[in-house]
Every structure is written in structure tokens, then in C-alpha cells.
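Notes follow once the structure below has been shown.
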Amino acid sequence: MGTLLPPSLLEVHEGEDTKVPQEAQKEKNVDAGALFVLKSKGSWLHCGYHLTTSIVAPALLSLPYALAFLGWAAGVTFLAIAALVTFYSYNLISLVLEHHAELGHRQLRFRDMADDILGPGWGRYFVGPIQFLVCYGAVIGSSLLGGQCMKTLYLLSNPNASMKLYEFVIFFGCFMLLLAQMPSFHSLRFINLISLILCLAYSACATAGSIYLGNSSKGPEKDYSLPHNTQDRVFGIFNAVAVIATTFGNGMIPEIQATIAPPVKGKMFKGLLICYTIVTVTFFNVAVSGYWAFGNQSQGLILSNFLDDNNKPLVPKWLVFLANLFTLLQLAAVTVVYLQPTNEVLEKKFGDPKSPQFSARNVVPRLISRSMSVTIATTLAAMLPFFGDINAVIGAFGFLPLDFVLPVVFFNVTFKPSKRSIVFWLNTIIAVVFSILAVIASVAAVRQISLDAKNYKLFANV
């Protein structure tokens with residue numbers, strides 16, 4: 001059985017300042033990752049902030065690009081299906097976690113769930129590595145996008161400047177060195193509240209900019225036709241599926257639910273309601289307005305459509321500035337959220353649960369290990385400015401299994417619904433369909449890498 005939170009820690013209730021005595025901690029076999037990073041002290045409201053930051057991220061600015069491969073009907077339909085399936089799947093995994101908590105075995109990590117429900121080895125050899133690739137890949141991708149936003153802001157003020165993209169990625173990484181030292185997931189609650197506001201702000205800017213250009217002579221002629229080549233169209237569809245899956249992906253629902261103070265029953269559902277209210281407002285507005293304005297000329301990041309070939313704004317300069325500024329600021333929150341699974345592993349490896357969290361014994365290895373983690377991610381982001389293509393593979397290979405497939409499998413194995421029930425067959429269909437999509441979307445993403453490989457260059461200034 002995976003590492004579980006001991007009963008003594010389950011007694012810490014929401015709103016209470018009660019702490020487990022140091023002597024009691026020493027008697028319990030609790031690792032430092034669970035004890036320090038995944039503190040169970042938050043409310044359902046805090047859970048909603050964490051969920052929103054992890055899902056409603058700047059990846060949503062790629063949705064018009066995904067619709068360009070799917071068209072109006074298929075694009076909006078799959079967007080709605082992805083929203084419904086992920087909300088349903090996240091709620092199922094929450095119910096499984098609540099069930100085990102009521103039995104006195106609260107699971108704090110995705111890999112704990114896999115080991116306890118599917119059997120030993122599933123966490124270490126399947127779920128754990130995939131979750132690490134997904135979450136750390138998101139850190140690298142966010143660092144790269146943060147550098148691109150900083151570069152855009154810089155060029156708006158200094159059009160003839162010569163600074164390179166990798167320099168801005170390094171600047172962003174230096175800021176993340178500080179933010180990565182936040183001690184626990186729960187300590188990010190107010191940062192993630194600000195993040196929620198920021199995602200609404202840049203989504204509003206993206207929607208306003210699209211509507212402005214869609215009604216302006218500066219915008220491109222609207223063309224919603226799909227690729228004529230059958231092979232390009234088929235692979236484009238599955239590449240779009242990977243983009244949308246990555247956008248709705250989370251990859252760490254158990255870790256987020258672990259931040260909730262017991263009793264946990266019903267709190268995750270309330271947090272999901274907050275998150276998906278924001279999802280509905282942002283995802284559909286940006287996707288529909290962006291695709292309406294730019295059609296099949298929608299770029300990988302819709303904000304790029306607001307600039308001409310010479311990087312001059314096609315919309316009011318202040319709108320481009322604000323959109324990139326809000327995106328940049330939220331990226332910092334997204335990056336530190338997706339660092340949490342890595343932080344938990346590092347804390348478990350190098351931390352000492354028998355020493356106080358802020359003792360020199362724990363602070364020094366925490367500072368060194370987290371700094372190394374951020375440094376490696378920043379270096380990779382600066383070296384690989386084409387990491388977006390690689391991230392598409394990670395999204396297809398990681399987010400689809402973790403967020404679409406495993407939750408329904410966990411539910412069926414845990415609660416064993418009747419094979420005659422609608423729930424059993426709905427879950428089975430979801431697992432089968434999205435497993436097939438994961439394989440095909442991974443192939444499509446790898447194909448896209450092979451097509452773009454001729455343009456790859458280390459430390460390229462793109």
C-alpha cells in the first residue's frame with residue numbers, strides 16, 4: 001500500500017490551528033513530502049483556486065488553433081465533450097479518494113492511488129513517471145512561454161532591440177527560483193486566487209482583440225476551410241485533440257484534494273464547480289472569438305495574431321501589452337503549481353519528517369533541490385524553443401491517460417458497479433475511446449515533430 005496520511009494527521013480540521021505534536025510525528029511513518037508539501041489545511045474555496053490555476057492556464061490561448069483543424073461543428077462539439085468528460089472524470093476520482101478517506105486510508109498522491117487500487121508497481125512504473133513527465137513538461141513549457149511574453153513586452157517598448165528569447169527565459173527562471181521556495185501547496189492559495197483573476201483578464205483581452213480584428217480591415221479574410229490533403233486533415237484532427245486534451249489536463253487531482261482539511265466529503269465537487277465556471281467563461285469565449293476572427297490562420301497562440309509580420313500591433317498597443325502582462329503573471333503561478341509534484345518527491349527524498357519543516361536540516365536540502373529543479377527546467381526551455389511540439393506528445397501520452405482514462409478505471413475497480421448499469425458502460429466507453437485517442441494523438445504529435453525538425457535550432461530566437 002502507498003504512503004498514507006496517518007490518523008493523527010486526519011484530525012486536523014478546516015479552520016483549526018491544531019498541530020500534531022512533534023513527538024507524535026516521530027512515532028508515525030510519514031515521509032516529508034506528505035507532511036510538508038501536501039499539508040491538509042485548505043478549504044473547498046482554496047481547492048477551487050488550485051484547480052483553476054492548473055486547468056485554466058495560458059494553454060487555452062491555443063484553442064482557436066485547435067479549432068482550425070476541426071472546423072466549427074467538430075471543434076465546438078469536441079470542446080464541449082472534453083469539458084463534460086473531464087468534469088465527470090475529476091469528480092469520479094474525487095469520489096474514490098473520499099471513499100478511501102472514509103475507510104481511514106487517505107491517499108495523497110496519484111501514484112498512491114494506482115498502487116492501492118490497481119496493485120503494486122502501477123504507481124512506480126506507470127502513473128508516477130507519466131505524472132512527472134506531464135507536470136515537469138508543463139513547467140518547462142510555461143517557462144518558455146513566460147520568456148516569449150517577456151520578449152513581446154520588451155519589443156513593444158523597444159522594437160529594434162536585440163535581446164534573444166533565451167535571455168528572457170532565463171529572467172523568468174530567476175523569478176521562479178524565488179517562487180519555487182513556497183513551502184507547501186496550501187501556501188499557494190492566495191497566489192492562485194490572483195491567478196484566477198488574471199486568467200479572466202487575459203481571456204477578456206484575447207476575446208476583445210479577436211472581436212476587434214474580426215470587425216476590422218486589418219484582420220485576415222475569414223476562411224474556415226480545412227486542409228485539402230486527406231493525410232494532413234486526419235493528422236491535424238488528432239493533433240487538435242492533443243491540444244484540447246492538454247488544455248483541459250490537470251494531472252494532479254489527488255495532490256490538490258490532499259490540500260483539503262478533513263472531512264473532505266463534497267469539498268472537491270464545490271471546487272470543481274468554481275473551476276468549471278471559469279472554464280466555461282474563458283475557454284469557449286477565446287476559442288469561438290479567435291476562430292471566428294482568424295479562421296484557419298489562427299496561430300498556435302492567439303496573441304500572435306495580434307501582431308503583423310514585423311511584430312507591430314494590429315490592435316491597440318495597450319491591449320497587446322496587458323494581454324501579455326496578465327499572461328506572464330499567471331504563468332508564474334501555473335509554473336509553481338506544476339512544480340508541486342516534483343517538490344513533493346524531492347522533499348520525500350531529502351527531507352526529514354522528524355525535524356521541523358523550517359529547521360536547517362530541511363530548509364537547506366529544500367533550497368538546493370528546488371533550485372536545481374528550476375534551473376534544469378529553465379535551461380531546457382532556453383535550449384528548446386520548439387518545446388511546444390514536444391509538449392504536444394507529452395500531453396497526448398500523459399494528460400489523456402491520467403485525466404480521461406484512469407479516473408473511470410479507478411471508479412469501476414473501487415465501487416464495482418453492475419455490468420448492467422449505465423455508469424459501468426459509460427466509464428468503459430470513456431476509457432476505451434480516450435485510450436485509442438491517446439495512442440493516435442501521440443502518433444500525430446510525433447509526426448508534427450518530424451515535419452518541424454528541419455526548423456529546430458538550439459537556443460533559437462523565435
message: Taking Met268's backbone N and O only, do any of them form a donor-acceptor pair with Tyr90's side chain (distance below 3.5 Å, no angle check)?
response: no
- prompt: Hey, does the side chain of Asn324 reach the backbone of Leu153 with a donor-acceptor pair shorter than 3.5 angstrom?
  reply: no
task: Would you confirm whether Thr247, through its side chain, and Leu60, through its main-chain N or O, come within 3.5 Å as a donor-acceptor pair?
output: no
- prompt: Does some side-chain heavy atom of Leu118 sit less than 4.5 Å from a side-chain heavy atom of Val127?
  reply: no
- request: Look only at the side chain of Ser62 and the backbone of Gly300, and say whether a donor-acceptor pair between them is shorter than 3.5 Å.
  value: yes
- request: For residues Gly251 and Cys135, report the shortest heavy-atom separation together with the two atoms involved.
  value: O-SG, 4.4 Å
- request: Output yes when a side-chain donor or acceptor of Tyr166 lies under 3.5 Å from a complementary backbone atom of Met383, and no otherwise.
  value: no
- request: Looking only at non-hydrogen atoms, find the nearest pair between Val337 and Met252 and report the distance.
  value: CG1-CE, 3.2 Å
query: Minimum heavy-atom separation for Thr53 to Val334, with atom names?
result: O-CG2, 3.5 Å
- prompt: Do Ile140 and Leu384 have side chains that get closer than 4.5 Å, going by heavy atoms?
  reply: no
- prompt: Taking the six-membered ring for Trp, are Phe168 and Tyr154 parallel (under 30°), tilted (30 to 60°) or perpendicular (over 60°)?
  reply: tilted
- request: Determine the interplanar angle of the Phe434 and Phe78 rings, folded into 0 to 90°, and report it as parallel if under 30°, tilted if 30 to 60°, perpendicular if over 60°.
  value: tilted
Heavy-atom donor-acceptor pair, Arg366 side chain to Pro183 backbone, under 3.5 Å: no
- prompt: Is a salt bridge present between Glu98 and Lys267, judged by a nitrogen-to-oxygen distance below 4.0 Å?
  reply: no
- request: Indicate yes or no for a side-chain donor-acceptor contact from Asn362 to the backbone of Pro356 under 3.5 Å, with no hydrogens or angles considered.
  value: yes
query: Taking all atoms of both residues into account, what is the closest heavy-atom pair of Asn343 and Val37, and its distance?
result: O-CG2, 4.0 Å
message: What I'd like to find out is whether the side chain of Val423 reaches to under 4.5 Å of the side chain of Phe415, using heavy atoms alone.
response: no
field: Heavy-atom check, side chain of Val96 versus side chain of Val413, under 4.5 Å
entry: no
message: Ring centres under 6.0 Å, that's the criterion: do Phe283 and Phe248 meet it?
response: yes
message: In terms of relative ring orientation, are Phe410 and Phe110 parallel, tilted or perpendicular, with 30° and 60° separating the classes?
response: tilted
query: Parallel, tilted or perpendicular: which fits the ring planes of Trp122 and Phe126, with parallel below 30° and perpendicular above 60°?
result: perpendicular
query: Would you find a donor on one side and an acceptor on the other, under 3.5 Å apart, between the side chain of Glu347 and the backbone of Ser184?
result: no
- prompt: Would you find a donor on one side and an acceptor on the other, under 3.5 Å apart, between the side chain of Ser195 and the backbone of Ile191?
  reply: no
Asn305 side-chain N/O to Gln299 backbone N/O, donor-acceptor pair under 3.5 Å: yes
message: Using side-chain heavy atoms (C-beta onward) and a distance below 4.5 Å, is Ile274 in contact with Leu51?
response: no
- prompt: Any side-chain heavy atom of His100 sitting closer than 4.5 Å to one from Thr414?
  reply: yes
Least distance between heavy atoms, Tyr202 atom then Val56 atom: OH-O, 3.8 Å
